[in-house]
2 protein chains.
Amino acid sequence: MRPGLSFKENMQEARRTYPDASQCPVRGVLDQIASKWSVLILSALAERPYRFGELRRDIGDISQRMLTQTLRDLQADGLIERTVFPTTPPSVEYKLSPLGRSFLLPLSAMVDWAFEHFPAIDKARAEFRKEA
Amino acid sequence: MRPGLSFKENMQEARRTYPDASQCPVRGVLDQIASKWSVLILSALAERPYRFGELRRDIGDISQRMLTQTLRDLQADGLIERTVFPTTPPSVEYKLSPLGRSFLLPLSAMVDWAFEHFPAIDKARAEFRKEA
DNA sequence: CCGCATCCCTTCGGATACTG
DNA sequence: CAGTATCCGAAGGGATGCGG
């Protein structure tokens with residue numbers, strides 16, 4: 001990476017367009033989408049469609065309450081599609097929408113970065129505590 | 001974007017490496033870094049170094065408490081550097097570290113995506129409410 | 001199997017007042 | 001100017017029990 005600076009223009013343009021950052025619509029989108037549970041759910045759905053119980057088991061430590069809630073939010077945002085199969089017992093499938101798939105690229109960029117740099121961050125945290 | 005699927009490998013590899021997602025170190029990193037205030041601060045520092053009061057005014061609706069706290073966390077993670085100038089009155093400068101700058105690319109990818117797609121998301125949200 | 005409703009505890013985060 | 005300390009309301013999120 002070039003030492004100087006090499007970030008995209010939209011980030012600064014967003015800041016120019018919304019000098020009062022509290023009014024920036026991008027913020028509301030990011031808050032929802034970059035949240036802990038959303039990332040895990042979208043990461044799972046990146047592989048293949050999932051049923052409710054599958055997702056629950058796969059993620060492991062998500063409560064059924066948060067799973068339901070986050071799935072609804074992602075559905076409301078148009079990132080995932082929900083299909084009910086009226087079998088007995090009923091089964092419900094969740095899959096990424098085209099919009100949701102378009103989000104995988106920036107999402108995986110974040111995940112990739114975290115995956116690559118978390119050792120450096122852990123080290124920085126440890127040293128920061130030693131100083132204090 | 002290709003219709004099929006086109007996401008990076010690390011996302012799936014992270015899921016394979018940490019089948020129990022609750023143990024995944026990437027999660028802790030993301031939670032901290034992709035949070036609301038962190039994104040705003042890093043976006044500001046992407047332009048140039050800032051002093052404390054400048055950041056506060058620039059972001060606008062961040063409380064001094066959260067600004068201090070988030071700056072400390074980002075510093076602990078090694079993403080920003082803090083320099084004290086013992087003038088009177090004292091002044092403190094915050095700037096991105098090399099690690100912090102390396103994060104701008106994935107961060108701006110997210111911001112760019114949000115900037116481009118928030119109209120679609122707003123529309124999806126509105127329609128979702130109409131259905132209900 | 002999928003999900004909603006309730007209770008309840010914990011964390012987030014703003015407001016205010018006070019130091020070097 | 002750049003913080004720290006305290007108080008307190010708001011929101012996040014787990015546990016449990018019921019319904020389609």
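Keep in mind it's a predicted model, so treat the numbers as computed, not measured. Proteins get letters first, then strands, A, B, ... in listed order; numbering begins at 1 in each.
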For this session: Identify the two heavy atoms, one from Met110(A) and one from Ala34(B), that lie closest to each other, and give their separation to 0.1 Å.
Result: CE-CB, 4.0 Å
Problem set entry | Atom pair CG/CG of Asp77(B) and Leu99(B) - distance to nearest 0.5 Å | 8.5 Å
Exercise. So do Asp122(B) and Arg125(B) actually touch side chain to side chain, heavy atoms under 4.5 Å?
Worked result: yes
Exercise. When the distance from CG of Asp73(A) to P of dG3(C) is rounded to whole Å, what number comes out?
Worked result: 14 Å
Problem set entry | Same apolar cluster: Leu45(A) and Val92(A), side chain cutoff 4.5 Å | yes
Problem set entry | Min side-chain heavy-atom separation Glu81(B)-Pro98(B) under 4.5 Å | yes
Problem set entry | cation_pi(Arg48(A), Tyr50(A)) dist<6.0 Å, angle<=45 | yes
Exercise. Taking atom P of dC12(C) as reference, at what distance in whole Å does atom CG of Asp31(A) sit?
Worked result: 14 Å
For this session: Compare the minimum distances between each of dG3(D), dG20(C), dG13(D) and the side chain of Pro90(B), then state the nucleotide with the smallest one.
Result: dG20(C)
For this session: Give, for atom CZ of Phe115(A) and atom CG of Leu30(B), the distance between the pair rounded to the nearest 0.5 Å.
Result: 12.5 Å
Exercise. Looking at five pairs on each end of the helix from dC1(C)-dG20(D) to dG20(C)-dC1(D), what is the angle between the two axes, given to 10 degrees?
Worked result: 40°
Seminar exercise, completed: Within residues 50-71 of chain A, the residues having a heavy atom closer than 4.0 Å to DNA chain C are Arg51(A), Phe52(A), Gly53(A), Gln64(A), Arg65(A), Thr68(A)
For this session: Answer yes if Val84(A) and Leu67(A) sit in the same cluster of Ile, Leu, Val, Met, Phe, Trp and Tyr residues linked by side chain heavy atoms under 4.5 Å apart, and no otherwise.
Result: yes
Exercise. Which nucleotide in the list dG3(D), dG3(C), dG13(C) gets nearest to the side chain of Tyr94(A)?
Worked result: dG3(C)
